[in-house]
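Heads up: the structure comes next, in structure tokens.
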Amino acid sequence: MTAAPVLDSEHFTEVHDRHFADIYRYVAGRLGAQAAEDVAAETFLVAFDRRKTFDASRGDMRAWLFGIATNLVSRHRRKEARHYRALSRLDPRETTEGHENRVVDAVVATRVGKALSRLSTGERDVLLLVALGELGYAEVAEALGISPGTVGSRLNRARKKLNPVLSQEASDE
């Protein structure tokens, strides 16, 4: 049984209003705020164009939207990789304002950017869908078309790779 009536053109505004902020936050975390507006909007354009193919028996609409967003993010992989490389090259000594918080933020961004750039695409997708998209394992599995077990193993590998960076941040505080 399909859920086409939920996604008819008259009700699609409700879908957009309910999920746009979550999709935007996820995409902004992946590509930066500048690209997020366009990619989040494109996510809903694609969803609107494909609304008749949405099948509620195959999963949740939220996960479906995150799957579309993740696919669009993958088209922007080069930009995402440049974004993480740029974060890793930040030099906190270049902060001209004397605010300690800005220096700390720059150091954290540098370390986390380096660590994220070392994750595989699959690990990064899973980690960021959980962290930024706030999706559960089942939703991530559905969004990426993988098993929940694969989600767990990728998330575990990503956490192991990030743990040294996060542990260092905790000890620096």
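Just the heavy atoms: all of them, side chains too, but no hydrogens, waters or symmetry mates, feed the values below. For this chain, numbers begin at 1 and follow the sequence in order. These numbers come from a predicted model, not from an experiment.
- Counting only residues at least two apart or in different chains, salt bridge (Lys or Arg N to Asp or Glu O under 4.0 Å) contacts with residues 126-147 comprise Arg25-Glu134, Arg62-Glu139.
- If you take CG on Leu132 and CG on Asp22, they are separated by 11.0 Å, rounding to the nearest 0.5 Å.
- Cation-pi geometry between Arg51 and Phe54 is not met at under 6.0 angstrom from the ring centre and within 45 degrees of the axis.
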Could you go step by step and tell me if Ile146 and Val126 meet the side-chain contact (heavy atoms from CB on, under 4.5 Å) rule?
CA-CA 10 Å; Ile146 58 177; Val126 167; 4.2 Å; yes
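- What you find for Ala63 and Ala143 is that their closest heavy atoms are O-CB, 3.5 Å.
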Could you check Leu127 against Leu162 for side-chain contact (heavy atoms from CB on, under 4.5 Å), going step by step and ending with a plain yes or no?
CA-CA 10 Å; Leu127 177 71; Leu162 291 176; 3.2 Å; yes
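- Pairs engaging residues 143-153 under the salt bridge (Lys or Arg N to Asp or Glu O under 4.0 Å) rule: none recorded [sequence neighbours left out].
- Once rounded to the nearest 0.5 Å, the distance linking CZ of Phe66 with CG of Leu129 reads 7.0 Å.
- To the nearest 0.5 Å, the span separating NE2 on His19 from CG on Leu65 amounts to 6.0 Å.
- With rounding to the nearest 0.5 angstrom, the CG atom of Leu144 is 11.5 Å from the OG1 atom of Thr121.
- A distance of 4.5 Å separates CG in Leu72 from OG1 in Thr43, rounded to the nearest 0.5 Å.
- The minimum heavy-atom distance linking Tyr26 with Asp125 is given by the pair OH-O, 4.3 Å.
- Applying the ring pair (Phe, Tyr, Trp, His ring centres under 6.0 Å) test to Phe44 and every residue at least two apart in sequence or in another chain returns His16, Phe20.
- Partners of Glu37 under the salt bridge (Lys or Arg N to Asp or Glu O under 4.0 Å) rule, at least two apart in sequence or in another chain, do not exist in this structure.
- Note that the CG atom of Leu128 and the CG atom of Leu116 stand 6.0 Å from one another [nearest 0.5 Å].
- Checked against side-chain contact (heavy atoms from CB on, under 4.5 Å), Arg157 has the following partners two or more places apart in sequence or in another chain: Glu123, Ser153, Arg154.
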